[in-house]
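Worksheet for the structure shown next.
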Amino acid sequence: MCGIVGYVGNGASIEVLMSGLSRLEYRGYDSAGVAVIDENGTLRSRKRAGKLAVLAHDLEVAPLPASHVGIGHTRWATHGAPNDENAHPHLGDEGRLALIHNGIIENFAPLKQELLDQGYTFLSETDSEVAAVLLGREYRETGDLQSAFRAVVRRLEGAFTLLAVHQDQPDVVVGARRNSPLVIGLGEGENFLGSDVAAFIEYTRSALAIGQDQIVTIGADRVDVTDFEGNPVTVEPFEVEWDASASEKGGWPSFMAKEITEQPDAVANTIRGRVTEDGLVVIPELDGLDEFFADIDRIVVVAAGTASYAGQVGKYALEKWARIPVDVELSHEFRYRDPVLTARTLVVSISQSGETMDTLMAVKYAREAGAKTLSICNTQGATIPRESDAVVYTHAGPEVAVASTKAFVAQITATYLLALHIARLRGTVPAAELSEFAAELAAIPAKIVEVLEQKDTITQLAQWMSDSRAVLFLGRNVGFPIALEGALKLKELAYIHAEGFAAGELKHGPIALIEPGQPVFVIVPSPRGSATLHSKVVSNIQEIRARGAKVIAIAEAGDAAVLPFTDVVIHIPLAAPMFEPLLAVIPLQIFAMELSNAKGLDVDQPRNLAKSVTVE
Ligand code: M6R
């Protein structure tokens, strides 16, 4: 939520800030703004409600003067409507300083009252403006931006990344973070700050990860990081693996269309380097951690949204191969119900961004309770992996579309790899079988390519169904989380009411929803995996068909049993039944995207959403 960028250097700051914001817009797109110190040392600011294009147009019509220092923000509204006044930056010290914020300042109300009582005035309804006004007051007292920042962060409760510029210190941008993301980009004669590395990958791939409760000052040739008390701290350098073109649309009609097509690579890259010559899964990042896995007696997966469905698929693999009981918890429910955790519990978090606040808090809670933590994450330098004992990165590349697709298949792949890794360590599956699974997993990317070739058929289906008011999704076993994911994709992209159910649950209630013409997607399990499960799902299809449902089946090639009872069948190639989710989800993603397109909606930036949910 909210994208933040800061810049000091020889370049034209507006250009750098706008380019950074365009790469961060997926974090929020309710309004956008910039503030710069111009060459005469005067603070200039511009902000507009609406998408970044509105601000860009405004800056084109009435450009700001040349500048080399500045901050930029793209907003996902929490406090106050998405209008010009509530857009960031907010000003303090009588317009001499500008501040941008990501997060929520929980104690903003008493702070605001304190400032109002002292005669300060406010222009917006935001919690963020309180930090700007407070920073102005502290600057007046200290005459130094870093000291003023220290005084401010000591007063704030909640989660925040703050960046500020002051015209009296025209060569620096100062920032602070607590529970919200901020990374540094190191250039030659220029430095950057960003909510994530996308903010500056066009300019540098050399980065520093800032820790919790730290304050950073960047100048053109300097980077200083301290803790909230002002003590210098050392920060972790890393090279950004993504290149700038990976986060560009590159001729595709949308980022989502591009990212769906990149899924064979997302899976292949996540497997790469993790299968030995003798065909066993050995995850190099987990080297030296055999003891870590030796005594775990339970796994709890914590995640939100699509990532939680990846966790649900992972549960099947971890239990089947590693023989460890697994619970999958929505991260926002987890820490509020006094969960039972011991030193033998492994809490596995799954997060594309590595910044989802609910999941971050669940990880911290688990650590404090003495559990072991492992993060499955797609973003280098993100907070969740840094707060975890171990990390397994997914290599999906940058995912820009708000709706997750390639990160999802990479997350599922990582859970399979983790299950095979632990199974090898614990000897729960014979080596020969382990290497067969690894080989079958390695064959999945080519099979995804085959599913993608059916895009036109699925597009046609979406066009026929564009006036559907509700769509149901049924799945069983590993197909159940895919039914949930199919429904979520349709809700978030096409704004259609959609529900996913376990097929076995049908007769316990949901079948009452079936009326003539009701479209139902059914993910049919492979008869090779379990003939019983397969025939039960075929019976479910007959039951809903008898009540008038329009059935769209996703079934493996050659499954003739479903044909007489379905309106449309989308075939997926034969694969080991455990790996079918990686194939079955693809038609559902394409369907949701194309239905959104058919309704003329913005498929990359659906209403009310943001890609990284960095507030609880
Ligand atoms: O960055 P994360 O993987 O932690 O994000 C979790 C969810 O917010 C995310 O998967 C969300 O559900 C997407 N909009 C799904 O498309």
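Counting starts at 1 for both ligands and their atoms, following the listed order.
Nearest protein heavy-atom contact of atom 1 (O) of ligand 1 is S353 OG, 2.7 Å. Taking atom 7 (C) of ligand 1 as the reference point, the nearest protein heavy-atom neighbour is A304 O, 3.5 Å. Protein heavy atom at the shortest distance from atom 8 (O) of ligand 1 is V613 CG2, 4.1 Å. In this structure, atom 14 (N) of ligand 1 lies nearest to the protein heavy atom E492 OE1, 2.8 Å. If you check which protein heavy atom lies closest to atom 5 (O) of ligand 1, you get T356 OG1, 3.5 Å. For atom 11 (C) of ligand 1, the closest non-hydrogen atom of the protein is T306 N, 4.2 Å.
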Candidate pair T373 and D389, rule side-chain hydrogen bond (donor to acceptor under 3.5 Å, both in side chains), full reasoning: CA-CA 5 Å; T373 55; D389 300 317; 3.2 Å; yes
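When each atom of ligand 1 is checked for a heavy atom of A307 under 4.0 Å away, the hits are 3 (O), 10 (O). Of all atoms in ligand 1, numbered sequentially from 1 with element shown, those under 4.0 Å from a heavy atom of Q352 are 1 (O), 2 (P), 3 (O), 4 (O). Of all atoms in ligand 1, numbered sequentially from 1 with element shown, those under 4.0 Å from a heavy atom of S351 are 1 (O), 2 (P), 3 (O), 4 (O). Taking every heavy atom of G305 and a limit of under 4.0 angstrom, the matching atoms of ligand 1 come to 12 (O).
Judged by a 6.0 Å distance limit and a 45° cone about the ring axis, K372 is positioned over the six-membered ring of F292. For the pair R177 and F160, the cation-pi test (distance below 6.0 Å, angle within 45°) is failed.
H73 pairs by the ring pair (Phe, Tyr, Trp, His ring centres under 6.0 Å) definition with H88, not counting sequence neighbours.
The closest approach between any non-hydrogen atom of T359 and ligand 1 is not below 4.0 Å.
Residue contacts with ligand 1 for K489 involve side-chain atoms from C-beta outward but no N, CA, C or O (heavy atoms, distance under 4.0 Å).
Residues L418 and L374 have side chains in contact (heavy-atom distance under 4.5 Å, counting atoms from C-beta outward). Considering only heavy atoms from C-beta on, R27 stays 4.5 Å or farther from W76 through its side chain.
One side chain, Q263 or Q589, offers a donor N or O that lies under 3.5 Å from an acceptor on the other.
Between F200 and F192, the angle of the ring planes lies from 30° to 60°, which puts this pair in the tilted group.
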